[in-house]
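Have a look at the structure below, then the notes.
Each ligand, and each atom within it, is numbered from 1 in the order the structure gives.
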Amino acid sequence: MQRLVFPKDFEWGVATASYQVEGAVDEGGRGECIWDTFSRKPGAVYAGENGAVACDQYHRYADDIALIKELGFGSYRFSIAWPRIIPAGTGKVNREGIAYYRRLCEELRRQGISTCATIYHWDLPQPLEDAGGWADRSIVGAFEEYARVCFGELGDLVDRWITINEPLCIAYLGYLHGVHAPGHRDRKKAMNAVHHVNMAHGVAVKAYRETGLAAPIGIVWNPTTPRPATARPQDRKAADTARALETEVFMFPCLGKGYPKAALEHIENAVAMEKGDLETIAQPIDFIGVNYYSESPVAFDEKAEFGFRFEPLWQGKTDMGWPVTPGGLERQLRWIAEVSADAFGGAGDIPIYVTENGCAYRDEVGADGRVHDVERIEYFKQHLAVCADLARSGLNLRGYYAWSLLDNFEWAYGYTKRFGIIHVDYRTQKRTPKDSAYFLRDVIAGFGEW
Ligand code: FCB
């Protein structure tokens with residue numbers, strides 16, 4: 001028999017993000033965000049789909065929380081929609097938006113579930129994008145204003161704060177590759193977005209410390225763990241470059257290590273950095289959140305954007321085409337523990353949470369009314385085995401959040417990719433827990449065995 005054994009106080013959570021699940025985009029005084037507009041662009045999102053209705057969690061949150069409780073999760077990671085709180089991006093605060101998140105948090109607390117709030121998970125108010133978005137320095141002040149409202153209005157109900165989800169996707173998918181909102185393909189804009197996202201995180205943490213609130217605050221990165229495709233020196237170097245540009249460029253300044261050498265030239269060529277910026281970014285944080293899905297081999301390619309490209313792999317793939325590579329999660333977590341150990345004057349041993357991990361498969365409700373998602377269970381087993389080993393061997397891994405509570409709007413893929421541990425029938429909004437949800441319930445209860 002194999003068994004997954006975790007430390008007693010290991011925290012179990014499940015995650016979503018506002019635009020992917022809430023729907024109700026025209027309700028409660030919400031303003032427009034960049035995903036509302038991006039999804040109207042022909043060809044931007046699969047089949048022209050959007051988050052207008054999504055999983056309708058705005059109206060169904062109490063039922064969803066009941067499911068979270070039934071499965072035994074101790075924490076819910078959700079995100080706050082900026083356009084619900086400050087519809088124009090800056091200025092007037094929308095009381096109805098605040099009231100919604102207060103209701104959500106109160107219901108979670110009533111059910112004994114802790115609240116983990118991400119301040120920004122990609123739904124930027126459109127007026128801010130019209131003013132240059134993450135590529136324009138003015139975004140930093142706007143984010144500080146918004147974060148202060150969140151702390152002031154929700155601070156008594158939030159148990160853990162995350163400033164920003166996946167800076168990599170914001171800067172590169174949104175401003176370099178153009179596959180996410182706002183859809184730019186512009187290296188200069190992307191490099192500016194890198195710096196401004198880092199700055200936004202810094203000013204938010206700084207503002208938070210002034211509030212006197214005690215809940216921990218951190219950030220969620222999706223560090224890529226590029227490994228060299230071959231042992232050739234040029235591929236090894238390519239892997240280092242990839243790590244510098246995709247991962248260290250976000251992590252290192254926040255950990256007080258400045259920009260990595262391999263990225264500095266790109267940043268300095270594009271961004272008008274100001275004195276004191278690096279100090280602003282390097283605010284001590286209370287934990288590091290890591291989103292992990294897969295890992296890819298990297299090879300040198302002088303024709304590619306930054307001199308590297310990703311190589312084919314042999315592993316089985318999920319419905320996203322992402323390989324199943326649990327070994328990458330181990331490499332990732334060990335590396336993060338190592339590079340964060342000397343951060344902030346050697347405070348060391350910063351708590352780490354896996355804040356997202358999961359996979360998409362083509363799940364269907366069968367004739368028996370159940371979803372037998374055996375591949376997802378296999379994926380969880382392999383990745384949780386890594387977490388269990390590391391946590392028990394002393395790495396400061398404190399918790400794990402499955403992505404996602406529900407099938408939802410998977411950005412440019414629309415509703416075609418099902419990441420949920422709970423199936424959603426989008427015509428009826430019926431929720432059906434998949435077998436993987438029961439698997440996780442058993443793991444949480446201490447019976448992760450097979
Ligand atoms: C991550 C995002 C999350 C979800 C998963 C599949 O990059 O944070 O919103 O889309 O990927």
On the six-membered ring of Phe287, is Arg160 placed so that its NZ or CZ lies under 6.0 angstrom from the centre and within 45° of the ring axis?
yes
Value rounded to 0.5 Å, distance of CE in Met320 from OG in Ser294:
9.5 Å
Check Asp36 against Val25 and note the closest heavy-atom contact, atom names and distance.
OD1-CG1, 3.8 Å
For residues Tyr208 and Asp286, is any side-chain donor paired with an opposing acceptor at under 3.5 Å?
no
Sort out the contact shell of ligand 1: every protein residue with a heavy-atom distance below 4.0 Å, listed by chain and number.
Gln20, His121, Trp122, Asn165, Glu166, Asn291, Tyr293, Glu356, Trp403, Glu410, Trp411, Phe419
Identify the two heavy atoms, one from Trp161 and one from Cys150, that lie closest to each other, and give their separation to 0.1 Å.
CH2-O, 3.6 Å
Face-on cation placement of Arg30 at Tyr58 ring, 6.0 Å and 45° thresholds:
no
